[in-house]
Protein chains: 2
Amino acid sequence: MVIAVLREREVGERRVSLVPESVGRLVKAGHRVLVETGAGAGCDITDQAYQEAGAELLPDRRAIAAAADIVLTIRHLTDGQDPIWEGIRPGTVLVGMYQPLSHSVQTFENWAHKGLTTFSLDALPRISRAQSMDVLSSMSTIAGYRAVTVAAERLRKFFPMLMTAAGTIPPAKVLVLGAGVAGLQAIATAHRLGAMVQAFDTRAAAREQVESLGATFLSLDVQTAQTQDGYATAIAEDQHQRELALLAEPVKNADVVITTAQIPGKPAPILITREMVLSMRPGSVIVDLAGESGGNTEVSQAGEEVDVNGVRVIAPVNIPSDLPLNASQLYSRNVTAFLQHLEREGLAFTETTHACQISSTDEIIQRTLVTHEGTIRSQAVLDRLPSRGAENVATAPVR
Amino acid sequence: MVIAVLREREVGERRVSLVPESVGRLVKAGHRVLVETGAGAGCDITDQAYQEAGAELLPDRRAIAAAADIVLTIRHLTDGQDPIWEGIRPGTVLVGMYQPLSHSVQTFENWAHKGLTTFSLDALPRISRAQSMDVLSSMSTIAGYRAVTVAAERLRKFFPMLMTAAGTIPPAKVLVLGAGVAGLQAIATAHRLGAMVQAFDTRAAAREQVESLGATFLSLDVQTAQTQDGYATAIAEDQHQRELALLAEPVKNADVVITTAQIPGKPAPILITREMVLSMRPGSVIVDLAGESGGNTEVSQAGEEVDVNGVRVIAPVNIPSDLPLNASQLYSRNVTAFLQHLEREGLAFTETTHACQISSTDEIIQRTLVTHEGTIRSQAVLDRLPSRGAENVATAPVR
């Protein structure tokens, strides 16, 4: 098959969907890999490195799209404005992180209309078989690490306890809210750097993982909430008020708070009110990893660093792009594992019409498939269609 | 005695010479402590915190200086422009970090002329008795830690090895040049964060300390060089060329280089040429802790971040001020230990003329004393007087 790697065009996006290591692996397995010139520039991968791995470098996005069976991206392509739309053939497969829970349904309708078969890796089920493809976990790992290095650089204090001939300086107190993949990585990194770490999660199941990383688990008596896939769900408003009340003291005493609470497809829950920020010591730091979905604090501004009475509240966006090479390496391995899975599940193209054929009932395929054979397949997108009347029959799920 | 704490006035200086904890200790020991209003603002210590510790807050520098027996600062006071010069009495003791090896001798001549007794804590001998007063070690500890947190924030890669379901990302390679107090702290911090750490020092004696911190010691066969006090000395030019040649490969392979090589009173040695910087991978980071004394690389600009072909070379100035509270805590404990030492050694003031009396032959006193009884006592300053002829008889050392 012909696999195409496009240069990401979104402002500030430094990642690339496939690194040379994976290109080599795919070429060895008999595929052709086309790479757009400069695709790796954001993470310091040269065109030459791709060539040496066996890729064909092409400057023309339209030509790449026209020749490809499978097009890899990380982010969405710009609707309509991208030259790939002039070249892309019906039946072409698109693989990326396309946010079926929140991205404009118009985009997905366009894809169905163009006859594209599209897979969104951020919709993978959290089952052990899918772990090697789990891009959300990969990106959350990056974000959790990054939150701590940003906090350590911003905090005007030592993280570790410092013992000198003149006496001892106590370690910094780091509080991590949300003990998912990002939270656990933040806990591990802060603990490594020598901070005293506390962590909170509404899921009681998180206790063991938190404690195994050397942190103390904040035992707050609120209703635990977890989906079958291990994601947190929204909790009731009275529970939320109790949560805020119980977090007040730990937040006040923290030097650093890292918040990671996100609910897929929904605005992030507020865990820290403005009042709670004001209760913190000047010089303290909050890193809000939920900035892109509205933030976990009342004062967070996505992409900004806000100073509230001397407390610095940082809500970075697209954090994986801050470590673009590592993020690309992980993403690339995830997407390669996914491509291998598609092959195993019998993905093929008809010779004459280039129609994509995939008849698998496999859970991974079913959950990630967004559009196929002219229809929308993602339940998350279907649920969000403005009207579900007769005119949408063509986009009804076939599974 | 009346001990005065002045607000530091240098731009970017956030430290304070005495923190409330030490104020409490000195007040309990029977001293009066006067603190200039806002002295702790740079490190978020309130006037109230000083008051609660027993200090008297005064807004007027002139009045504080006039009432003080001992004036504490960290940096130099501005010659002539500071209102304290109108108030300060002959015999008053000044304690700070005054750089007798490099600061303008005119300042010290002025002090002698004013009849001040001045002690420079950066001239302390490196003997075990003096460890609790060792401000240079304290500030180097801060700098070494800070270098790593800055590098981790700037590097676009993970420091630790990362093991995920999709595979492993190798740890970052950190190279530390100079294994003094700052270098050792940098090694410890980078190792903590999970990096693979190599370290180099011209003193073979550093090997054991480096290895005990989990780093590998770069065994470069150059002439080892160390003063009696454990400081590095300049090495001969041919040795220096060999050093550069031997460092070429480790520098090229490093993700992060932290340089800490300083020679007291001399420009920092160049350990990394421009060519060596250009040999590094784009995205790599150099943190040059010798920026203030000229830098350890050919491209460093003090206080700037320079981009050389994608390699970021950061040469921060006054790093302790980046962690002003911790730096102040350590400095404060050091200076308190020094004040206690002065007392033990019999420092006193005559009642009628406020003349400072200190007749100790103690090494700590002798080495830190810069001016006393109208004469310059610091050998480092005397050696730098423009002419050492008859007109300088009055400033000859009495010891």
Side-chain angles (χ1 to χ4, degrees), chain A residues 14 21 41-44 46 128 130-135 137-138 141-142 145-146 148-160 162 164-169 172 181 185 188-189 191-194 281-284 310 321-327 329-337, chain B residues 14 21 41-44 46 128 130-135 137-138 141-142 145-146 148-160 162 164-169 172 181 185 188-189 191-194 281-284 310 321-327 329-337:
Chain A
R14 305 175 63 92
E21 176 203 29
C43 49
D44 298 314
T46 60
S128 52
Q131 270 184 20
S132 63
M133 315 167 198
D134 190 347
V135 291
S137 281
S138 295
T141 299
I142 304 264
Y145 169 79
R146 178 76 185 152
V148 175
T149 57
V150 167
E153 201 267 346
R154 295 294 197 289
L155 185 70
R156 301 205 186 107
K157 275 186 179 178
F158 260 69
F159 263 45
L162 187 60
T164 75
T168 300
I169 304 268
V181 176
Q185 184 65 40
T189 306
H191 179 71
R192 255 188 145 134
L193 250 185
R281 279 184 298 275
S284 302
S321 261
D322 286 345
L323 303 180
L325 180 61
N326 290 161
Q329 286 168 324
L330 294 178
Y331 189 91
S332 175
R333 291 177 191 176
N334 293 144
V335 80
T336 302
Chain B
R14 305 177 62 92
E21 178 203 26
C43 49
D44 298 314
T46 60
S128 52
Q131 270 183 21
S132 62
M133 315 166 198
D134 190 348
V135 291
S137 281
S138 294
T141 299
I142 304 264
Y145 169 80
R146 178 77 185 152
V148 175
T149 57
V150 167
E153 200 268 345
R154 295 294 197 288
L155 185 70
R156 300 204 187 106
K157 275 185 178 178
F158 261 69
F159 262 46
L162 187 60
T164 75
T168 299
I169 304 268
V181 175
Q185 184 66 39
T189 306
H191 179 72
R192 258 190 141 129
L193 249 184
R281 280 183 298 276
S284 301
S321 260
D322 286 345
L323 303 181
L325 181 60
N326 291 160
Q329 287 167 323
L330 294 178
Y331 189 92
S332 175
R333 291 178 192 176
N334 293 144
V335 79
T336 302

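Labels below follow one simple rule: chain letters A, B, ... track the order of the sequence lines, proteins then strands, and each chain is numbered from 1.
- In this structure, B:Asp44 and A:Arg156 have side chains that are in contact, with non-hydrogen atoms separated by less than 4.5 Å.
- Interface remark: of the candidates B:Met133, B:Gln329, B:Arg146, B:Arg146 forms the most heavy-atom pairs closer than 4.5 Å to chain A.
- In terms of non-hydrogen atom pairs under 4.5 Å with chain B, the most contact-rich of A:Leu155, A:Asp322, A:Thr141, A:Asn326 is A:Asn326.
- The main-chain N or O of A:Ala165 is never found under 3.5 Å from a side-chain atom of B:Arg333 such that the two would form a donor-acceptor pair.
- Nearest heavy atom pair, residue A:Ala166 against residue B:Ser132, reads CB-O, 3.8 Å.
- Between B:Thr149 and A:Thr149, every side-chain heavy-atom pair lies at or beyond the 4.5 Å cut-off.
- Between B:Thr189 and A:Phe159 there is no side-chain heavy-atom pair separated by less than 4.5 Å.
- Smallest separation of non-hydrogen atoms from B:Lys157 and A:Leu325: CE-CD2, 3.8 Å.
- In this structure, B:Gln131 and A:Thr164 have side chains that are not in contact, with every pair of non-hydrogen atoms separated by 4.5 Å or more.
- A 4.5 Å side-chain heavy-atom check between B:Leu162 and A:Leu330 finds at least one atom pair inside the cut-off.
- Both the backbone and the side chain of A:Ala152 come within contact range of chain B, judged by heavy atoms closer than 4.5 Å.
- With a threshold of 4.5 angstrom between heavy atoms, B:Arg14 approaches chain A through side-chain atoms but not through N, CA, C or O.
- Residues B:Arg154 and A:Glu153 approach most closely at NH1-OE2, 3.6 Å, considering heavy atoms.
- Note on B:Ser137, B:Gly283, B:Ser332, B:Pro324: by heavy-atom pairs under 4.5 Å with chain A, the leading option is B:Pro324.
- The shortest distance between side-chain heavy atoms of B:Leu193 and A:Tyr145 falls below 4.5 Å.
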